[in-house]
Amino acid sequence: MQAENDSTVLHLQDNTAAGASYERERDAETAVLHRLHALLAAETAAASDRARGVLAERAGGELSARWERDVSAHRWSERVSALRAARSGLCFGRLDHTDGATSYVGRTGLTDPDGTDSDGTDSALLDWRAPAARPFYCATLATPLGVVRRRHFEIAGTAPAERVADFHDDVLDSHTDTGSASDPALLAALRAPRGSTMRDIVTTIQAEQDEIIRLPLPGVVVIEGGPGTGKTAVALHRVAYLLYTHRERLARSGVLVVGPSAGFVSYVGGVLPALGESAVVFTTPGRLAHGVVATALDPEEVARTKGSLAMLEVLRRAVADRQELPASPITIELDDVIVEVDRATAAQARSRARDTGAVHHAARAAFRDALGALLVGQGVERLGADLEDPPEIAAILRELEQGELGEEVGPSGAAQVTEELRRELRDDLRRDSGFHDAVERLWPVLTPERVLDDLLSSPERLASAGADPALLRSVGAAWTVADAPLLDELAELLGPPPAPPAASTDDAERAYAAEVLAILESADRDLAGEDPDELRPTDFVTADVLAARQVPGRLAGVAERAAGDREWRYGHLVVDEAQELSAMDWHVLLRRCPTRSVTAVGDLAQRSAPAGAGTWAEVLAPVLGDRWARRSLTVNYRTPAEIMALAAAVLAQYAPEHRPPASVRETGEQPWERTVPADGLAAAVAAAVDEEGARLGPRDRRRGTLAVIAPDPAALPPLPIPVHTPVSAKGLEFDVVVLVDPERIRAHHPADLYVSITRATRRLGILRVEQPGSGR
């Protein structure tokens, strides 16, 4: 008995000693964290001072100096924003290297002005995107990458008083002892309640994800992965990595991120600002047309037709059909003569305008000028042949014929009189409202909305354009998501409408813009060594265009300027749920990114859009050829194995060629199912929501999310939680999901049911509807 007591005492002493050692090390790490926050505060203050100092400089001076001040102020302001964004969760890990050096990894890079670290560098904190930080995500026992220990911090408190509440060590060397028995960082993050917005994953990026995040900038990469594999998070962190690695190139052009819905954009929109990146514009397929927000959906066959690249020729013909010929001559009464626009004259002017190859509105000026020249010629001929000519012209013609004006007048004098006559007729035409009315009638100023609405509501126009008659709909019908790329393509075919004279750019703005372009061209030449064939911003922007984009009194950020400019060209494009996009969607998106630097993420097994991708080559080959590559993510970090087993059974029924991702965790909770009568469905949904809300508990109910996914949310009673359709839930995740009427969802599209089941991270409840006569 005494021996047992002695053993117990020794065991308690060992545990006490280990606990004291752990606490000392945790306190030491907290001290490091506080020092890093002090460095961050100092660097933020210094950057703020630099930004204020630049803004306080007197205006004026050389144009190049003005440009440099603008750019400097903007960059220092962006640096301040990035540093402030890094305050929460500033440092989340540490690397112990085989040479004895120690590195800390966090949301931004910080330097120590008071000295160097043990490895001879002045880096107090490594930015997670830096090459030196890669071992934090990729080092393994098999490939330690020079690391003996990787430490993950669990941070508590609020900046700048954050503290290390716990830490976990991954030991990559058998001779190094671990300092903690806490759960791995990844599983802890996966078990944490979800919120209403997506969190970044900088602390838990896995090796297969990191490899994709750090792929080179050029080229098109398709990242395919099943539900919960982190496709969206990888794509967003890749944006942050590219903006960090290619700052000079992408800071001027920005990045466009396309998500499936407005709810999705709201959900993920805070990730990049939290990582200190602001040169990003978010949009959806329904917003691809500038100024249009489309949410309605077409019937499947109509959507499939609109999504085909065959619509390009239909739209081209639709615009050409608006360049009309008169059914009967249009009479224009000038001061001295009457001229007519007949079909032959209009056809000749139209041919000349089309031969320029310009878009509709740019060619309109050519049509107007050609038509005017033809009418002037017609007027001169009629004046010369008309016996009722004005007396002064008749006298001049007689004098010319009789040679009464002297030898020096001769034929050259006749030519001079004819030219004066032409000039008078041209001036008369310019002032004549009838002429301008004729130009507007035959070659009108159009909007994309007017052209498409007129086309889709007219059987005659559809037939003339060679379109499917099934596209016919009522005048003024709501725009659909499939209409958005058509409207954007029409905007391209039409070009900007003619600007009124008052909208011209003044000389000072044009001179400033020309100087800016010269500086940009110089910078672009410096970068050309990386890729001499790369398209640059200066390939698309003239001084007039750039000058028109300036906002007096302030320098707008890249995202703000890009979002307001339909013709903006981005340096990189990210497409989420890419399997839902049609070939027309891709056509208009790639026009926004002429460098063809694209990250597309999706899962063919989740495709439900009628015009979406059956295969990646099906939609990408027509617009990219074979210039794209595919990468895969195979591990499900979101969906517990119990729920994924149910989803896998659904997948096997409709797409057995696709393999579901493997879940990394189990919860021990199987999805529950209930069958209820149709007339009791609303009450059953309300009861299930109350029950699941109570199970979450007060703390998790505040932090976590509970949602209902139903085929017809409008048929349900008002609920105090989000209610989604399978489409609007795409890309989102929730702690608990109550899934309503799965058979009706399956009947619409099996992929919708697969998507709906895989939205839950903790629990899934299913309410089936009893079918009449089935007994269930």
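Because only heavy atoms are used, hydrogens play no part in the values below, and waters and symmetry mates are left out as well, while side chains stay in.
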Stepwise side chain to side chain donor-acceptor pair (under 3.5 Å) test for Ser632 and Arg630
CA-CA 7 Å; Ser632 296; Arg630 188 175 71 91; 3.3 Å; yes

Mind listing the closest non-hydrogen atom pair of [X] and [Y] along with its distance?
X: Ser103; Y: His97; result: OG-NE2, 3.0 Å
X: Leu242; Y: Leu250; result: O-CD1, 3.7 Å
X: Val574; Y: Ala235; result: CG1-CB, 3.8 Å
X: Asp127; Y: Thr108; result: OD2-CA, 3.4 Å
X: Ala207; Y: Cys138; result: CB-CA, 4.2 Å
X: Ala559; Y: Val280; result: CB-O, 3.5 Å

Residue among Leu172, Thr143, Leu95, Val105 satisfying side chain to side chain contact (heavy atoms under 4.5 Å, CB included) with Pro135
Leu95

Polar contact flag, side-chain donor to acceptor under 3.5 angstrom, Thr761-Arg638:
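No donor-acceptor contact under 3.5 Å links the two side chains.
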
Is any side-chain heavy atom of [X] less than 4.5 Å from a side-chain heavy atom of [Y]?
X: Leu573; Y: Leu589; result: yes
X: Gln209; Y: Tyr637; result: yes
X: Leu83; Y: Glu43; result: yes
X: Val558; Y: Arg561; result: yes
X: Glu733; Y: Met198; result: no
X: Arg35; Y: Asp112; result: yes
X: Arg94; Y: Phe167; result: no
X: Asp96; Y: Arg150; result: no

Just do the side chain to side chain donor-acceptor pair (under 3.5 Å) check on Asp585 and His587 with the steps written out, would you?
CA-CA 5 Å; Asp585 290 326; His587 173 77; over 6 Å; no

How long is the span from the [atom1] atom in [X] to the [atom2] atom in [Y], to the nearest 0.5 Å?
X: Leu36; Y: Leu110; atom1: CG; atom2: CG; value: 6.5 Å
X: Trp628; Y: Trp616; atom1: CH2; atom2: CH2; value: 8.5 Å
X: Arg50; Y: Ser48; atom1: CZ; atom2: OG; value: 12.0 Å
X: Leu620; Y: Thr615; atom1: CG; atom2: OG1; value: 8.5 Å
X: Asp576; Y: Thr232; atom1: CG; atom2: OG1; value: 3.5 Å
X: Thr634; Y: Glu224; atom1: OG1; atom2: CD; value: 12.0 Å

Check: [X] side chain, [Y] main-chain N or O, donor-acceptor pair, under 3.5 Å:
X: Arg631; Y: Val222; value: no
X: His572; Y: Val257; value: no
X: Arg569; Y: Glu567; value: yes
X: Lys231; Y: Gly226; value: yes
X: Ser597; Y: Cys593; value: no
X: Arg214; Y: Tyr241; value: no
X: Tyr570; Y: Val281; value: no
X: Thr758; Y: Pro227; value: no
X: Gln206; Y: Thr204; value: yes
X: Thr284; Y: Ser261; value: no

Only one of Arg129, Arg238, Arg107 clears salt bridge (charged side-chain N to carboxylate O under 4.0 Å, His left out) with Glu277; which?
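Considering Arg129, Arg238, Arg107, a salt bridge (charged side-chain N to carboxylate O under 4.0 Å, His left out) with Glu277 is found only for Arg129.
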
Stepwise, does the side-chain contact (heavy atoms from CB on, under 4.5 Å) test hold for Leu624 with Arg596?
CA-CA 9 Å; Leu624 290 171; Arg596 298 297 193 266; 3.6 Å; yes

Please assess Arg247 against Glu78 for the test salt bridge (charged side-chain N to carboxylate O under 4.0 Å, His left out), listing each intermediate value before the final yes or no.
CA-CA 12 Å; Arg247 180 72 62 187; Glu78 283 193 327; 5.5 Å; no

Applying side chain to side chain donor-acceptor pair (under 3.5 Å), run through Thr229 and Asn636 and close with a yes or a no.
CA-CA 4 Å; Thr229 53; Asn636 187 332; over 6 Å; no

Full working for salt bridge (charged side-chain N to carboxylate O under 4.0 Å, His left out) between Arg591 and Asp488
CA-CA 10 Å; Arg591 182 163 57 230; Asp488 186 80; 2.7 Å; yes

Check whether more than 12 heavy atoms from other residues, nucleotides or ligands sit under 6.0 Å from atom CZ of Arg592, and answer yes or no.
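Above 12, so yes.
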
Could you tell me whether Tyr104 and Phe92 have their ring centroids closer than 6.0 angstrom?
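No - the distance between ring centres of Tyr104 and Phe92 does not fall below the 6.0 Å cut-off.
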
Are Phe734 and His724 an aromatic pair, judged by ring center distance below 6.0 Å?
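Distance test on ring centres: under 6.0 Å, yes.
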
Do NZ/NE/NH1/NH2 and the carboxylate oxygens of [X] and [Y] come within less than 4.0 Å?
X: Glu162; Y: Arg87; answer: no
X: Arg134; Y: Glu211; answer: no
X: Glu29; Y: Arg163; answer: no

His152 and Phe136: CA distance, side-chain angles, deciding distance, ring pair (Phe, Tyr, Trp, His ring centres under 6.0 Å) verdict
CA-CA 9 Å; His152 299 264; Phe136 186 78; 5.0 Å; yes

